[in-house]
Amino acid sequence: MAAMPTPTPAAFEGPVVVVGPQFCAPHVVDLTVTKKALSLTDSDFAVTDVNGNVVLKVKGVFFSLRDRCVLLDAAGNPLLTLQQKILSAHRRWQVFRGESTDSKDLLFSVKKSRLLQFKTELHVIMASNTNEEACDFKIKGSYFERSCTVYLGESNSILAQMSRKYTVKNVLLGKDTFGVTVYPNVDYAFVASLIVILDEINKDRSGQD
């Protein structure tokens with residue numbers, strides 16, 4: 001098994017803010033993302049801190065024409081709406097501020113780097129990056145092994161790392177649990193949204209769209 005890349009959080013200048021500065025901490029933030037096997041009333045994903053406190057949650061939007069979910073803060077306020085783009089190649093998802101799906105509120109989009117993949121590689125494109133010649137962030141690794149890394153653009157600067165967490169309780173309850181390490185001054189709400197999209201894109205392993 002290949003060695004994990006060495007974290008280089010000092011390689012970028014200033015905080016990485018996408019959702020809001022309140023989600024950037026000056027220290028490493030360790031989060032646990034728990035995906036529930038079946039959820040119709042409660043959140044589909046819960047994001048907790050090292051003390052077990054829920055800091056973010058994700059709820060699916062049912063009876064929608066397309067896959068859509070909303071990222072909420074701990075108080076239940078909507079932060080982002082995540083929506084799959086209809087008839088798009090590369091399984092593209094678009095992320096909007098709040099509960100909007102209006103193009104003026106588009107923050108970023110996420111897509112596969114290529115249609116057929118044996119290893120996970122997603123490109124994150126900010127709304128301001130209209131020519132999309134280079135990605136703003138990149139997710140690489142193996143989703144099957146639940147081991148993925150978020151990089152700043154095309155660099156080797158690591159913003160966050162995801163790994164699988166096993167507990168007997170979660171296995172018995174049919175829950176999928178990820179551990180996510182977010183490096184200092186990186187927007188952890190943004191990282192959480194990427195983990196959700198990563199999971200959604202990998203629901204369909206056929207590579208078709």
Side-chain angles (χ1 to χ4, degrees), residues 17-20 22-23 31-48 54-115 117 120-130 132 135-139 143 146 148 150 160 162 174-178 180 182 187-209:
V17 181
V18 176
V19 183
Q22 69 270 36
F23 301 109
L31 300 173
T32 298
V33 181
T34 303
K35 176 187 175 185
K36 298 185 178 179
L38 179 64
S39 175
L40 292 175
T41 56
D42 200 359
S43 57
D44 298 314
F45 290 84
V47 183
T48 52
V54 174
V55 293
L56 297 165
K57 47 193 174 182
V58 177
K59 288 191 176 182
V61 178
F62 297 97
F63 313 112
S64 172
L65 293 175
R66 65 184 89 178
D67 290 338
R68 191 163 90 229
C69 53
V70 179
L71 178 71
L72 311 165
D73 66 13
N77 300 308
L79 300 172
L80 300 173
T81 295
L82 292 57
Q83 179 171 271
Q84 184 173 3
K85 190 174 182 181
I86 292 178
L87 301 177
S88 67
H90 303 268
R91 293 188 62 79
R92 190 180 188 108
W93 278 71
Q94 295 176 307
V95 180
F96 303 85
R97 190 170 293 284
E99 291 183 284
S100 174
T101 54
D102 193 303
S103 59
K104 67 179 175 58
D105 294 313
L106 179 68
L107 276 179
F108 62 92
S109 58
V110 183
K111 64 177 183 176
K112 285 185 174 182
S113 62
R114 59 185 67 87
L115 282 174
Q117 294 188 342
T120 300
E121 184 171 322
L122 304 181
H123 286 177
V124 182
I125 311 292
M126 299 305 294
S128 57
N129 183 359
T130 53
E132 300 190 10
C135 62
D136 297 285
F137 304 94
K138 183 182 290 184
I139 305 168
Y143 179 78
R146 300 299 195 272
C148 291
V150 182
M162 177 186 93
K175 294 180 178 180
D176 209 356
T177 306
F178 321 120
V180 183
V182 184
D187 188 328
Y188 64 80
F190 169 59
V191 171
S193 72
L194 297 182
I195 300 300
V196 173
I197 293 173
L198 176 66
D199 183 76
E200 291 288 338
I201 286 177
N202 281 278
K203 278 182 179 178
D204 175 15
R205 299 297 298 172
S206 67
Q208 298 175 353
D209 208 322

Q) Please walk me through it: do D199 and F178 pass side-chain contact (heavy atoms from CB on, under 4.5 Å)? A) CA-CA 11 Å; D199 183 76; F178 321 120; 4.1 Å; yes
Q: With sequence neighbours excluded, tell me which residues meet side chain to side chain contact (heavy atoms under 4.5 Å, CB included) with L107.
A: L80, R97
Q. How would you list, by chain and number, every residue that makes a side chain to side chain contact (heavy atoms under 4.5 Å, CB included) with T48, sequence neighbours excluded?
A. T32, V54
With distance as the sole test, does [X] use its side chain to make a donor-acceptor pair with the main-chain N or O of [Y] at under 3.5 Å?
X: D44; Y: K35; answer: no
X: T81; Y: G98; answer: yes
X: D136; Y: M126; answer: yes

Q) Which is it for V196 and C69 under the side-chain contact (heavy atoms from CB on, under 4.5 Å) test, yes or no, and what are the steps along the way? A) CA-CA 9 Å; V196 173; C69 53; 4.0 Å; yes
Would you indicate whether the side-chain heavy atoms of [Y] and [X] approach each other to under 4.5 Å?
X: V95; Y: I197; result: yes
X: L194; Y: L198; result: no
X: L56; Y: L79; result: yes
X: K112; Y: L122; result: yes

Interatomic distance, [X] atom [atom1] to [Y] atom [atom2] [nearest 0.5 angstrom]:
X: E121; Y: C148; atom1: CD; atom2: SG; answer: 11.0 Å
X: I195; Y: E200; atom1: CD1; atom2: CD; answer: 12.5 Å
X: K57; Y: L71; atom1: NZ; atom2: CG; answer: 11.0 Å

Q. Can you name the residues that form a ring-ring contact (aromatic ring centres under 6.0 Å, His included) with F23, not counting sequence neighbours?
A. Y188
Q) In chain order, what residues pass the ring-ring contact (aromatic ring centres under 6.0 Å, His included) check against F190, with sequence neighbours excluded? A) F108, F137
Q. For N77, what residues pass the side-chain hydrogen bond (donor to acceptor under 3.5 Å, both in side chains) criterion, not counting sequence neighbours?
A. D73
Q) Sequence neighbours excluded, which residues qualify as side-chain hydrogen bond (donor to acceptor under 3.5 Å, both in side chains) partners of T101? A) none
Q | For S109, the option from R92, Q94, Q83 that meets side-chain hydrogen bond (donor to acceptor under 3.5 Å, both in side chains) | A | R92
Compare every heavy atom of [Y] with every heavy atom of [X], then report the nearest pair and how far apart it is.
X: C135; Y: I125; answer: CA-CD1, 3.7 Å
X: V47; Y: A192; answer: CG2-CB, 4.3 Å
X: A127; Y: T130; answer: O-CG2, 3.8 Å

